[in-house]
Structures are given as structure tokens and as C-alpha cells.
2 protein chains.
Amino acid sequence: MKSQRPQITLDDVATRAGVTTMTISRYFRTPEKVSPATRDKIAAAIDQLGYVADSTAARLAGKTRSLLAVITPSLALPYVPEIIEGVSEVADRADAALMLHETRFDLTLQEQRIEAAISWRPDGIIFIGDTISDRSRRQIAAAQIPFVEAWAQSDHPVGIDVGLSHSDLARDMTLRLIGAGYKTIGFAVRRMGYRVEAERLKGYQQAMTAHGRAPQVFECGDQATSFQSGAQLLTMARAATPAPDALFFAGDLLAAGALFEAQRQGLRVPQDIAICGFGDYPISREIVPSLTTVALPTRALGRRAAHLCLPQAPQPSPPEPCTSSFVERQSARLAPVP
Amino acid sequence: MKSQRPQITLDDVATRAGVTTMTISRYFRTPEKVSPATRDKIAAAIDQLGYVADSTAARLAGKTRSLLAVITPSLALPYVPEIIEGVSEVADRADAALMLHETRFDLTLQEQRIEAAISWRPDGIIFIGDTISDRSRRQIAAAQIPFVEAWAQSDHPVGIDVGLSHSDLARDMTLRLIGAGYKTIGFAVRRMGYRVEAERLKGYQQAMTAHGRAPQVFECGDQATSFQSGAQLLTMARAATPAPDALFFAGDLLAAGALFEAQRQGLRVPQDIAICGFGDYPISREIVPSLTTVALPTRALGRRAAHLCLPQAPQPSPPEPCTSSFVERQSARLAPVP
DNA sequence: TTGTACGCGTTATCAT
DNA sequence: ATGATAACGCGTACAA
């Protein structure tokens, strides 16, 4: 075993097996076109040399290996790993590699990461995020790479759009709270400037206005953790006039923070105030009281996005559903579908 | 804009700028060796064509682009995204791309993913996981690629090892519980066959034995969620004789599940039973009562692992600390450092 | 300062 | 069934 050998290549295997590189390549790609005898020789050579084919070269030469890129602001948002797991499932089935790019909520970094993603010429780019700059839009268009927005529905889709309508979902959830008999329903959100949160707010406002009610929005800064912000928002809402009898949070983490705070303050949920979240994170069903919320098909979203980039991936049959739902738990009552 | 152009290459830019490919290449790699005049022409050509250099080809030709691979059982474990974020920070600074491979707790899949990672010839492979098969060990050795185990300390490290000693941490935590005056300290764990959990159990047993106490271990199956298992384990422990006055959970999620269950049962924590976790997840400081636990330097671990693979990445000065700590919160008292 | 020519490791095409 | 040869797009000696 020569130690400083730069790399074991197809040539090495070929020499050892007494054939040419082309035969080795065929051994991998169309084994049935290689005679059983040489097949054994090749297998032995590969094993002895510990050969692993170079995907970089393979991809440059033909488009043999598949590659997917995921771009996301952060992995700390609970739904992001879930979407990525969906992507990864499909990628695995299609033997595709997965590249991950974080933008850290920074638009400049996002431009860089999008360009980096394009530079690897993946079979598709799956975008979890918010706004996309014009510069990036141009590059994406020029690159001719499928670009899938997998989280929020886009007003100006760059490519394919499998995202959710966060405004419709928030509107419908508000309608169900209204239908359940809550009189003054507030909406609580962190001031973060994200499109999805603005969408959710919009949906809430639509529903309230449609029923002739005055929207009552509580906002706080984005310095603290989501849990802390939730606590703060609950306190704000309790101090308002009129004090809401139900509070719809723009995210489950905020709502969970509010539940913890309610517990600290000795408030009863939902008797003193009903609380409702958005996202259905794992914690939401375990917390006491369990959280009424909007469940999002995150994994399915990821799978769907990946399928759009990898047409060769085995499709499930029947095609799997990818729908959101409203989950009534202990923290708030919900009216049935209108 | 020709639409079905296969790809925009260096050649296209060169032609448009009236120079050869070499000059464009230099423009990117050593701009100072290109005259300002042609520099402008090139910049214009790049912009007009929306050219993005092909990293695949670049990497095959020279080793211009950097690439890192992360292999993990899942993204659903709360510490995994944190470690990856650490990796990603450093990767960004070094202009390295990041590949992600999930093994889904399946050793066969893990072998495949490790081989896939190697096939892209990354500058390093960062492994978050447990056991590594012999076959994989051989491939890793043959590939000559830095292989960093970033989560658990390995008995038989394959490559570099920046992991934590989960047994030492569990031992010290147990010692602190003993020092705090708890009489019967139980250990609760899911039967999952992971090395890190076995390590934690071992540390607990060491500490108990050292103080002449009989270890009292509670185990449950791995079918349910962590939260549900935690609830189950709490119930088991309460039914035991003697009933422990403190329960050390092998993970924070289990402990959180126990706290929720205690709340449902009307048990007071820590008066009726003290509860202690391992991992310091975000939820642990927010839950009521807040959870006493072992805090792990996950992000720093990721950064450190990445630095080992990317020597060119700008190093922080002074070198950042990467140490665990014991966090006393409401759910259990802790003795100060022995 | 700029250009020529070859190599990186694999695959596709066309022969044999 | 197997081989020879030419790409794939870029980097780098070396030459001009």
C-alpha cells in the first residue's frame, strides 16, 4: 500500500484487472455488458485497492452523479431540519448528494451562498427563505437550474413554487377561533421583517375584518429568544384594553414561551386566556397544556421539492398528500371546518 | 440570451472580452496580474453573461474550491444542527462548500453515505455519530481524507477526535448530585444501543460505586418519542423501591418529558423528586421548572472540527474555549465543584 | 501582461 | 465484450 499515492483512479483498477478504464467504468454503470469473468477480476481489484470512484470527475464528464443544494437562513428554525430531512430522503433514493448553504438571515451572504450553490451546478436548488435579491434572480435564470421555493409562497416566484400560503392558513385559523366563540382575538408576533410572518399577520387581519372585528396586534423586538419573546407578548396582551380572551401567536415557539409564562404567573390556559400557535413543533404536543396550532407538512414539502429537482427519483404511488391542518389541543378551542 | 446553451464557460467570457481563458482564470485567482483595462472588459463580460465559475471543474483541475462533508444520523437530534452551524461558520470563512449526509441510524446506510462522502473527495469529513464499521474504517484510511469525530470520544478513533467524554461528564454530574445531598439517585435512559448513552450510564455507575451506592437504572424502549419515554421513565422510577429522590436522565428531552409528566401528575419538582438532564437544549432553560443539566459546547465543537479540516480558515485568536459545564437550574440542586 | 498546451478522473461515442 | 479517443471546464507550468 503506497502511502503518498495522490489518488487511486480508474486507471489503477484497470491496470490491476488487466483491462482498460472503459471496462471499469462499464462495470459500474452497465455491469451486464461486462463478461462475468472480467467482472470478478475487476471486483477483486477494486476491493484490494479500496477504490472509490471520484464523483467530481464523474459529474464533469457525464451527468452521472446527482447533486442537490439546499439554501436556508439557519438550521435553528425547527421546521428547517424537517424540510431538509424530507429532501434528504428523496436524495438518498436517487443517489444524490446534498449540499447545504446557510445564509444567517443576511441578504449579502445569501447572494454569496446562492452563487456558491450555482457554481456546483446542482440538479436543483431548494430554497427555504424569504426575499431573493434581483442579482440572485438573474443568476438563477442564467444558470438554468431548477429553483424551488419550498417554504413560503412567493409573490414573484423565481422558479417552481411548492411553498405554503401562510396568509391563507392564518386566516383560516383565525376564522376557527372566531367560530369557537372567542370575542377578542389578538395576534402576537416578533418584529423580524420576515415575509412569512407578515403573511400570517395579513391572514389574521383579513379574517378579523371580514367579521367586522378590529384587529389587535402585539409586536415585540427580536433581541430575545422566541420563548422569551412569547412571554413578553403574553404580558403585553394581558395589559391591553380590552384584554384578549384568545391570543394567536405567529409561531409555536412564541406560543410555548407564553404558556411557560402563564404558568409562572399562575394564569390558567385556556380559561383565563386561550393560546394558539403556528407550526406544530414537536414540543407543542407535549407541553402542558398542549398547544392548539397549525400543522405544516414540512417533511412532505421537502420531499416534494426534491422530486421536482430529481425526476428520476422513484415516485411514491399514490402521490403523497401535502396538506396543512388545524390541530385542536388543550390551549384553545377550535370551531370545525366552516 | 440563447436559451438552450449548455453552459456558460470561461471560453465564452474570454471570447466576449477579447482575451483567452487563461486571462479570465487569472482575473479570478490573481487579479493583480491582469491589466486594469482588460480587468474592466472581463468584469463587463462576466456580468453580461451572468457567468458563474464551475466549482466541479475547478476542483478537478486544481484544488481551488474547498469542500467539507458532514455525516450525521439525523437532523432531528437537537445538538446536530448546532454542531453543523459551527461547521458552517468556519466553512463560510474558508469559502468551503458543505455536503450533508444522513444515515438515519442505519449502519448499512451509514456505510453508503461514508462512501458517498469520500467519492466527492472533500477536504475533510466530520462525523457525528456512533459506531463505524470496519469496511468504512478501511475506506477512510485508504482515502487519506481527514476524518473528524465530533460528538463522542471514540475508543478506536478512525481519525482525529474532538468529541466529548460523555462518561466523564455524567460521572461528574452524578458526583454533584451526590454532593448536593440526594440520597437515592436513579439513572433513566432509553434502550437505544448508542455508545454515548452507554457512556453516560457508565459515568453514572462509576460515581455511584465510588461512593458505595447501588446504581439504580431505569430503561424503556425506543418506540415512543423522547418526551413520551421521559414520562414513562418517571412513572417507572416513582414506582420503584426505594423511590429515587433524584433522577438523572440521559438526555434533556427525556427529562423535559418527565417534567411535563410530573406536572400532569401533580408532582412537585424538585421537592417530590429532583430531575436532571444532559445536553442543555434550548427548551431546558424555558421549561417550568427550568432544567438542571449538562451544557455541551456544540457550536464550538463544530467549529473546531471544521478548523481541523480547513487549515486555511482564519483561526480565532485567542483560541476559543470548548468546554462543557454543569448548569444548576430549578429542577435539581447541584453541589459546587468538588 | 498574455497565450499555449496539457492534465485532472471520468464518461460517451464509435470502432473492433 | 472490449478498446481507442475525444470531450467535460478549469488550473497551471511554461513559453512568448
Side-chain angles (χ1 to χ4, degrees), chain A residues 5-42 45-46 49-67 95 97 118-123 143-145, chain B residues 5-42 45-46 49 51-67 95 97 116 118-123 143-145:
Chain A
R5 192 92 177 52
Q7 212 189 92
I8 298 162
T9 73
L10 222 43
D11 262 315
D12 298 314
V13 183
T15 316
R16 209 166 200 328
V19 289
T20 60
T21 60
M22 201 47 238
T23 309
I24 315 290
S25 178
R26 261 192 285 263
Y27 168 84
F28 284 114
R29 311 199 44 65
T30 51
E32 68 279 6
K33 294 189 173 177
V34 178
S35 82
T38 52
R39 214 143 52 182
D40 291 343
K41 274 193 242 171
I42 294 174
I46 288 171
L49 270 58
Y51 171 74
V52 177
D54 186 324
S55 295
T56 311
R59 193 159 169 85
L60 182 61
K63 283 282 180 261
T64 306
R65 308 293 190 283
S66 314
L67 179 61
D95 255 316
I118 293 175
S119 82
W120 288 93
R121 304 289 189 272
D123 298 305
Q144 311 254 67
I145 296 172
Chain B
R5 191 93 176 53
Q7 211 188 92
I8 298 161
T9 72
L10 222 43
D11 262 315
D12 299 313
V13 183
T15 317
R16 208 164 199 329
V19 289
T20 58
T21 60
M22 191 56 237
T23 309
I24 316 290
S25 180
R26 258 194 286 265
Y27 169 84
F28 283 115
R29 311 198 48 64
T30 51
E32 68 277 6
K33 293 190 173 177
V34 178
S35 81
T38 51
R39 214 143 53 183
D40 291 344
K41 274 193 243 169
I42 294 174
I46 289 172
L49 270 59
Y51 171 74
V52 177
D54 187 324
S55 294
T56 310
R59 195 161 166 85
L60 183 61
K63 282 279 179 261
T64 307
R65 308 293 190 283
S66 314
L67 179 61
D95 254 315
I118 293 176
S119 83
W120 288 92
R121 304 290 189 271
D123 298 305
Q144 312 255 67
I145 296 172

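Reckoned from all heavy atoms, side chains included, excluding hydrogens, waters and symmetry mates. Chain identifiers are assigned alphabetically (A, B, ...) following the order of the sequence lines, protein sequences preceding nucleic acid strands; residue numbering begins at 1 within each chain.
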Enumerate all atom pairs, one protein N or O and one N or O from nucleotides 1-4 of chain C, separated by less than 3.5 Å.
{"unit_1": "dT2(C)", "atom_1": "OP1", "unit_2": "Ser35(B)", "atom_2": "OG", "d": "3.4"}
{"unit_1": "dT2(C)", "atom_1": "OP2", "unit_2": "Ser35(B)", "atom_2": "N", "d": "3.1"}
{"unit_1": "dT2(C)", "atom_1": "OP2", "unit_2": "Thr38(B)", "atom_2": "OG1", "d": "3.3"}
{"unit_1": "dG3(C)", "atom_1": "OP2", "unit_2": "Thr20(B)", "atom_2": "N", "d": "3.1"}
{"unit_1": "dG3(C)", "atom_1": "OP2", "unit_2": "Thr20(B)", "atom_2": "OG1", "d": "3.0"}
{"unit_1": "dG3(C)", "atom_1": "OP2", "unit_2": "Thr23(B)", "atom_2": "OG1", "d": "2.8"}
{"unit_1": "dG3(C)", "atom_1": "N7", "unit_2": "Arg26(B)", "atom_2": "NH2", "d": "3.0"}

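Counting heavy atoms from C-beta on, the side chains of Val52(B) and Arg121(A) come closer than 4.5 Å. In this structure, the side chains of Arg59(B) and Trp120(A) come closer than 4.5 Å at one or more pairs of heavy atoms.
Using a 4.0 Å heavy-atom cutoff across all strands shown, Thr64(B) reaches sugar-phosphate atoms only and no base atom.
Shortest non-hydrogen contact noted between Ile118(A) and Ala143(A) is CG2-CB, 3.6 Å. Closest heavy-atom contact between Thr56(B) and Asp54(B): N-OD1, 2.8 Å. Taking all atoms of both residues into account, the shortest heavy-atom contact from Arg39(B) to Glu32(B) is NH1-CA, 3.7 Å. The minimum heavy-atom distance linking Ile24(A) with Val19(A) is given by the pair CD1-CG2, 3.7 Å. Of all heavy-atom pairs spanning Ala53(B) and Tyr51(B), the tightest one is CA-OH, 3.3 Å.
Rounded to an integer number of Å, the gap from CD1 of Ile24(A) to P of dT10(C) is 10 Å. Atom C1' of nucleotide dT2(D) and atom CD1 of Ile42(A) are separated by 10 Å, given to the nearest angstrom. Across the protein-nucleic acid pair, Arg39(A) atom CZ and dT2(D) atom P stand 9 Å apart, rounded to whole Å. One atom, CG of Asp11(A), and another, P of dT11(C), lie 12 Å apart when rounded to the nearest Å. When rounded to the nearest whole Å, the span between CG of Leu60(A) and P of dT11(C) equals 11 Å. If you take CG of Asp12(B) and C1' of dG9(D), they are 11 Å apart, rounded to a whole angstrom. The CH2 atom of Trp120(A) sits 12 Å away from the C1' atom of dC10(D) (whole-angstrom rounding). Between Lys63(B) atom NZ and dG7(C) atom P the separation is 17 Å, expressed in whole Å.
Between Arg121(B) and dC8(C) there is no side-chain N or O to OP1 or OP2 distance below 4.0 Å. Phosphate proximity of dC10(D) to Tyr51(B): present, with a side-chain N or O under 4.0 Å from OP1 or OP2.
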Decide yes or no on side-chain contact (heavy atoms from CB on, under 4.5 Å) for Arg16(A) and Ile46(A), but give the supporting numbers first. CA-CA 9 Å; Arg16(A) 209 166 200 328; Ile46(A) 288 171; over 6 Å; no
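Terminal axes of the helix from dT1(C)-dA16(D) to dT16(C)-dA1(D) (five pairs each, C1' rotation axis) are separated by 30°, to the nearest 10°.
The local environment of NZ in Lys33(A) is sparse, with at most 12 non-hydrogen atoms from other residues, nucleotides or ligands closer than 6.0 Å.
Distances from the side chain of Leu10(A) to the nucleotides dT10(C), dG9(C), dC10(D) place dT10(C) closest. Of the candidate nucleotides dG11(D), dG9(D), dT10(C), dG11(D) has the atom nearest to the side chain of Arg65(B).
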